[in-house]
Protein chains: 2
Amino acid sequence: MSNTIYDIARQAGVSIATVSRVFNESPNVSSKTRKKVQNVAKEMGYQPQGMAQGLARRKKNVIMAVVPLLSNYFFLQVLNGIQDAISETNFELHIYNVKSSEKPVDQLKRLLGRRWADGYLFVSIHLSDSEWKMISQFDQQMVLIDDAYSACNYFQVNNKQGARKATRYFLEHGFKRIALITAKEESIPAAKRRQGYIQTLTDWGLTPDESLIVSGDTQYRDGFNEENGYEAMQKLLEQTPNPEAVVCMSDIQAIGAISAMKEQNLSLPIIGYDDIQLAKYIGLSTMRQPMYKMGKEGTNVLLDQIGKDQPKVVQKEYIPDLILRSTSSQQN
Amino acid sequence: MSNTIYDIARQAGVSIATVSRVFNESPNVSSKTRKKVQNVAKEMGYQPQGMAQGLARRKKNVIMAVVPLLSNYFFLQVLNGIQDAISETNFELHIYNVKSSEKPVDQLKRLLGRRWADGYLFVSIHLSDSEWKMISQFDQQMVLIDDAYSACNYFQVNNKQGARKATRYFLEHGFKRIALITAKEESIPAAKRRQGYIQTLTDWGLTPDESLIVSGDTQYRDGFNEENGYEAMQKLLEQTPNPEAVVCMSDIQAIGAISAMKEQNLSLPIIGYDDIQLAKYIGLSTMRQPMYKMGKEGTNVLLDQIGKDQPKVVQKEYIPDLILRSTSSQQN
DNA sequence: GAAAATATTGAAAGCGCTTACACTTTTCAA
DNA sequence: TTGAAAAGTGTAAGCGCTTTCAATATTTTC
């Protein structure tokens, strides 16, 4: 069960070149020889080894999706899109999980240097511009999903618009003291969403109140975690008067916030962000991002570009949808 | 940024053998040469290509985790365990996602033939004995997680015991008409759980009532889906008298079942299976499986066996824990 | 200070495949 | 028939690395 092209060639009484041709569907093989080789190969359970092919061809027919901690619904949706796009080709999808214990950029450098794949999809990997620049120098085909870098292909949701939509919804429903539960300062999506929130208030003629913009102290996953939302909400509820409505940077924070409210028998209107699976079940209103779509379209662009030397850069932004469920209304 | 060992050798004024030695931490290099090579390599951003190394060494330092549709919390937990185990080594983890559109065994055959990895972790891949036999013939190191085959390493939860625990809980709390919401007949875990349920009733002196064992008609994911639970519950509620309590084969079915109950303003005690993330939030009682642990221990066994020619087979069974939350009590 | 022992290096073969090129066989028009 | 074109096949080089073995340089020993 572990034979090489030589074994097949010997058994079929042909040269290895011919065996190779059969497996590469070259037209230059007589149908008689082809049949013979195919039979022998089938019988002996032969398949070309990926490594040897990769080396000889300088092409592996592998796409690698690089994701951070495989732990959330967002990636899963994106991965489904990727998977579906790849299924239609003869590429394989390998997934690489970036650990939280080491700087992402270092892990990427190591990974890219090894050249395991023909193309890379970076899903929700957030690097600085200089880090992306460094990564681009590896000269590999790649597309960013859920992050942006001006010199790369990317598919991203417009975070600013997302926060705007949520904020505007509350404004239009008569709320004024709208709080924002935010995440780590350095997080780029967090910063953009914050901007969107502030601009919307300003556009509406209100003066943003810094004391209504809070984050919890628990910082793992850049503050996008349940405890963080809980803590943030506690801080908000210490203020008088209480805010009238809450915009959250993630569903998971919203969940934490809701439990903080419950403890005080409150239920302020709140909107999350992400539309994680849970959201539907607990009736959380939220901003939904087109995850599947980004995965699929991003992959198609990547596949399309592999092999071309100077493909043109594709960049696309999506606007998230506001999904209204029960938590956004006054008496939820 | 795309240079080979030759480039480094030339630049450093040594032979490629020496460069290779430096990268393989061979002791037979003078520290002067080592430094020189390291500097050049760093400067030129060199890293050995995985494919070439794999071919030359016949070892890739890659472990591949094979999972079916990356869509559920169970895998994610297992993957976390795997990841943590691998982090402590210099292996890389690549993940391969089995598609639902093609027979799993065929995908595995294709994958194993390519020899991308040194060892394989099959997570929740359920094959028949003859199929696993076929797969074993590839003569690759592997461990099964969440499935069993007598000739392989495996780490599994005892499905029968899981169902027993849930059923016994209800019996001990005075229920008699206990329904079982099951999945596809052919699913092995489903069959085992069913056995556990039936045996427990029998041991308790009751005669299992076939009409209380139902499944919905929606069959994707082997019936482990929300609609299936919903439909099953509807069937149960058509019967008079209604069952007194419900044991479910998965949390997701339990969720479906609960919404069916809600529609009729009922809330029978129910226990799910899996302890998905959602369960905690909706207060679903459930059977928790040691997913992280299985992932980690399974990986350690695999890593340990790689390289050995006749490693001894490791097989382990875990008993799931009953997690009591609100849905299992009378008035939830 | 020379021989022996040891440390360091390089040349070359090989891992399993692809593919350019050369060679042989078949086909077919004249 | 013949010969040129077309089709089929094999030889050999190469993909980027590891590793054995032989060669050379350095150290140690007395």
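Hydrogens, waters and symmetry mates are skipped; everything else that's a heavy atom, side chains included, is used.
Considering only the side chain of Tyr46(B), dC17(D) comes nearest among dG10(C), dC17(D), dG16(C). Among the nucleotides dT11(D), dC15(D), dG10(C), the one closest to the side chain of Ser15(A) is dT11(D). Here the nucleotide nearest the side chain of Ala17(B), chosen from dG16(C), dT19(D), dC17(D), is dT19(D). Closest approach to the Thr18(A) side chain among dC17(D), dG10(D), dC15(C) is made by dG10(D) (side chain taken as heavy atoms from C-beta onward).
Expressed to the nearest 0.5 Å, how far OG1 of Thr299(A) lies from CD1 of Ile63(A) amounts to 7.5 Å. Here the CG-CG distance, from Leu127(A) to Asp147(A), works out to 6.5 Å after rounding to the nearest 0.5 Å. Here the straight-line distance linking atom CD of Glu92(A) with atom CZ of Arg114(B) works out to 6.0 Å at 0.5 Å rounding. Summarising the geometry, atom NZ belonging to Lys36(B) is positioned 10.5 Å from atom CG belonging to Asn39(B); distances are rounded to the nearest 0.5 Å.
Where the helix from dG1(C)-dC30(D) to dA30(C)-dT1(D) starts and where it ends, the local axes point in directions that differ by 40°; five pairs per end, rounded to 10°.
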>> One pair to check against side chain to side chain contact (heavy atoms under 4.5 Å, CB included): Gln38(A) and Val22(A). What are the steps and the verdict?
In response: CA-CA 8 Å; Gln38(A) 282 171 337; Val22(A) 170; 3.8 Å; yes

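Smallest separation of non-hydrogen atoms from Trp132(B) and Leu108(B): CZ3-CD1, 4.4 Å. Residue Gly295(A) comes nearest to Ile145(A) through the heavy atom pair CA-CD1, 4.0 Å, listed as atom of the first residue, atom of the second, then distance. Contact record, Cys152(A) with Ser136(A): SG-OG, 4.1 Å, taken as the closest heavy-atom pair.
Here the side chains of Tyr96(A) and Trp116(A) are not in contact, with every heavy-atom distance at 4.5 Å or above.
Put simply, CD on Gln49(A) is 9 Å from C1' on dC15(C), counting in whole angstrom units. Note: CD (Gln47(A)) to P (dG16(C)) measures 16 Å, nearest angstrom. Summarising the geometry, the separation between CZ on Arg115(B) and P on dC15(C) is reported as 15 Å, rounded to the nearest angstrom. One interatomic measurement links the two molecules: CE of Met51(A) to P of dC17(C), which rounds to 13 Å at whole-angstrom precision. Arg57(A) has its CZ atom 12 Å from the C1' atom of dG16(C), to the nearest Å. Distance Lys60(B) NZ to dC17(D) P: 17 Å, rounded to the nearest Å. Between Arg10(A) atom CZ and dG16(C) atom P the separation is 12 Å, expressed in whole Å. Lys59(A) has its NZ atom 16 Å from the C1' atom of dC17(C), to the nearest Å.
Between Gln53(A) and dT18(C) there is a side-chain polar atom (N or O) within less than 4.0 angstrom of OP1 or OP2.
Checked against a 6.0 Å centroid threshold, the rings of Phe122(A) and Tyr154(A) do not count as neighbours.
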>> Base contacts versus sugar-phosphate-only contacts with protein, heavy atoms under 4.0 Å: please encode nucleotides 22-29 of chain D as B, S and - from 5' to 3'.
In response: --------

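Side-chain atoms of Arg10(B) and Asn3(B) form no donor-acceptor pair, as typed in the model, at a separation below 3.5 Å.
For NZ of Lys293(A), the number of neighbouring non-hydrogen atoms (other residues, nucleotides, ligands) closer than 6.0 Å is 12 at most.
Of the residues in residues 19-41 of chain A, those with a non-hydrogen atom less than 4.0 angstrom from any atom of DNA chain C are Ser20(A), Arg21(A), Asn24(A).
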